[in-house]
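The figures that follow rest on heavy atoms only: side chains count, while hydrogens, waters and symmetry mates do not.
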Amino acid sequence: MLGADATIRQSLTVIVLAGGDAVDVGLRAVLPRPDFVIAADSGLEQAAALGVRVDLVVGDFDSVDPDTLAAAVRAGVEVERHPAAKEHTDLELAVIAAQQRGATRVVIVGSDGGRIDHELANVMLLASRDYAALHLETIGPGGRVVAVHDRIEITGAPGALVTILAVGGPARGVRTSGLEYPLRGETLEPGSTRGVSNVLVEALATIEVESGVVLALIPNIEDV
């Protein structure tokens with residue numbers, strides 16, 4: 001793992017720990033090995049449960065326990081403090097920090113904390129064109145969500161559910177392989193349920209889009 005003041009200069013994986021309710025320690029088994037770990041405000045409190053060392057903590061620190069933050073500072077964790085009145089959530093600031101350090105894969109771990117606005121905003125963040133160059137995904141108690149701006153591969157157990165939803169406008173030229181109900185250059189419209197509850201039939205599936213963005217949602221995290 002990189003030191004707290006290191007800069008990512010390769011295509012490396014960054015884990016971002018989001019705030020909210022405590023995550024299930026079982027998520028540790030499905031997380032990739034990180035090269036750098038960023039905590040978004042109270043996401044710092046998730047680190048001990050998951051057994052990961054935080055390199056950077058970002059936010060306005062209105063929700064993290066002060067003693068936990070102080071202990072992190074003593075341990076050499078880099079701190080990036082922002083004002084409470086800001087244009088981005090703490091989670092998005094953490095994604096920006098990862099992008100600035102050259103990461104190409106960012107895995108967000110955490111919960112919405114029971115707030116539907118946070119839950120929706122966190123999912124929609126994945127589809128932002130500002131982060132189209134990233135492989136950006138989130139893993140939480142409800143499953144996994146991955147943004148598809150061009151092409152991704154999904155590995156998992158045959159029988160696992162995969163839902164494909166267009167966001168931000170029509171997704172055109174959507175093609176899949178390895179799924180029970182293939183899409184062959186089709187257009188998915190936002191709000192359509194056309195892509196709900198597809199099924200993996202192979203250990204490796206692909207999803208491609210020619211234009212637009214889709215989110216691939218895998219609700220059964222234990223199967224992937």
Could you state the interatomic distance from [atom1] ([X]) to [atom2] ([Y]), rounded to the nearest 0.5 Å?
{"X": "L215", "Y": "L188", "atom1": "CG", "atom2": "CG", "answer": "11.5 Å"}
{"X": "L204", "Y": "E153", "atom1": "CG", "atom2": "CD", "answer": "5.0 Å"}
{"X": "R172", "Y": "E189", "atom1": "CZ", "atom2": "CD", "answer": "6.5 Å"}
{"X": "I139", "Y": "R28", "atom1": "CD1", "atom2": "CZ", "answer": "11.5 Å"}
{"X": "D60", "Y": "H82", "atom1": "CG", "atom2": "NE2", "answer": "9.0 Å"}
{"X": "H88", "Y": "L93", "atom1": "NE2", "atom2": "CG", "answer": "6.5 Å"}

#### Entry: Salt-bridge criterion met for K86 and E80 (N-O under 4.0 Å)
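No, K86 and E80 are not salt-bridged.
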
### Message
I'd like to know if R105 pairs up with E137 as an ion pair, taking the criterion as any Lys NZ or Arg NE/NH1/NH2 lying under 4.0 Å from an Asp or Glu carboxylate oxygen.
### Response
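Looking at R105 and E137, the cut-off is met.
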
### Query
Quick one: side-chain hydrogen bond (donor to acceptor under 3.5 Å, both in side chains) partners of D117, sequence neighbours excluded?
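Per chain and number, D117 pairs via side-chain hydrogen bond (donor to acceptor under 3.5 Å, both in side chains) with R115.
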
### Query
Can you list the steps and then say if L56 with F36 is a side-chain contact (heavy atoms from CB on, under 4.5 Å)?
CA-CA 8 Å; L56 170 68; F36 199 78; 4.1 Å; yes

Would you say that [X] contacts [Y] through its side chain, given a criterion of any heavy-atom pair below 4.5 Å between the two side chains?
{"X": "V213", "Y": "V148", "answer": "no"}
{"X": "T138", "Y": "N122", "answer": "no"}
{"X": "V106", "Y": "Y131", "answer": "no"}
{"X": "L136", "Y": "H149", "answer": "no"}

Of the non-hydrogen atoms in [X] and [Y], which two are nearest, and what is the gap between them?
{"X": "P182", "Y": "T176", "result": "CA-OG1, 3.3 Å"}
{"X": "A205", "Y": "L200", "result": "CB-CD2, 3.4 Å"}
{"X": "L69", "Y": "L44", "result": "CA-CD2, 3.8 Å"}
{"X": "V214", "Y": "A171", "result": "CG1-CB, 3.4 Å"}
{"X": "A203", "Y": "P158", "result": "N-CG, 4.3 Å"}
{"X": "P32", "Y": "V107", "result": "CG-CG2, 3.8 Å"}

### Query
Linking I/L/V/M/F/W/Y whenever their side-chain heavy atoms sit closer than 4.5 Å, directly or via other members, would V73 and V57 fall into one cluster?
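V73 and V57: one cluster.
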
### Query
Quick one: do I108 and L120 end up in the same hydrophobic cluster if we chain Ile, Leu, Val, Met, Phe, Trp and Tyr together by side-chain heavy atoms under 4.5 Å apart?
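Yes, same cluster.
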
Side chain of [X], backbone of [Y]: donor and acceptor closer than 3.5 Å?
{"X": "E45", "Y": "D65", "result": "yes"}
{"X": "N198", "Y": "Y181", "result": "yes"}
{"X": "D41", "Y": "D62", "result": "yes"}

#### Entry: Evaluation steps, side-chain contact (heavy atoms from CB on, under 4.5 Å), between R33 and T13
CA-CA 8 Å; R33 182 175 180 177; T13 297; over 6 Å; no

### Task
Apply side-chain contact (heavy atoms from CB on, under 4.5 Å) to L125 and L91, showing your working.
CA-CA 9 Å; L125 174 63; L91 179 60; 4.1 Å; yes

### Message
With side-chain contact (heavy atoms from CB on, under 4.5 Å) as the test, pick out the partner of V109 among V16, L17, V37.
### Response
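When side-chain contact (heavy atoms from CB on, under 4.5 Å) is applied between V109 and each of V16, L17, V37, only L17 qualifies.
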
### Query
Are there more than 12 heavy atoms of other residues, nucleotides or ligands under 6.0 Å from atom CZ of R184?
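Open: at most 12 neighbouring heavy atoms sit under 6.0 Å from CZ of R184.
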
### Steps toward side-chain contact (heavy atoms from CB on, under 4.5 Å) verdict (V145, L126)
CA-CA 8 Å; V145 185; L126 303 183; 3.5 Å; yes

### Query
Residues in salt bridge (Lys or Arg N to Asp or Glu O under 4.0 Å) with E210, at least two apart?
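In terms of salt bridge (Lys or Arg N to Asp or Glu O under 4.0 Å), with neighbours along the sequence ignored, E210 is linked to R175.
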
### Message
Just to verify, what does V201 make a side-chain contact (heavy atoms from CB on, under 4.5 Å) with, not counting sequence neighbours?
### Response
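With sequence neighbours excluded, V201 shows a side-chain contact (heavy atoms from CB on, under 4.5 Å) to E180, given in chain and number order.
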
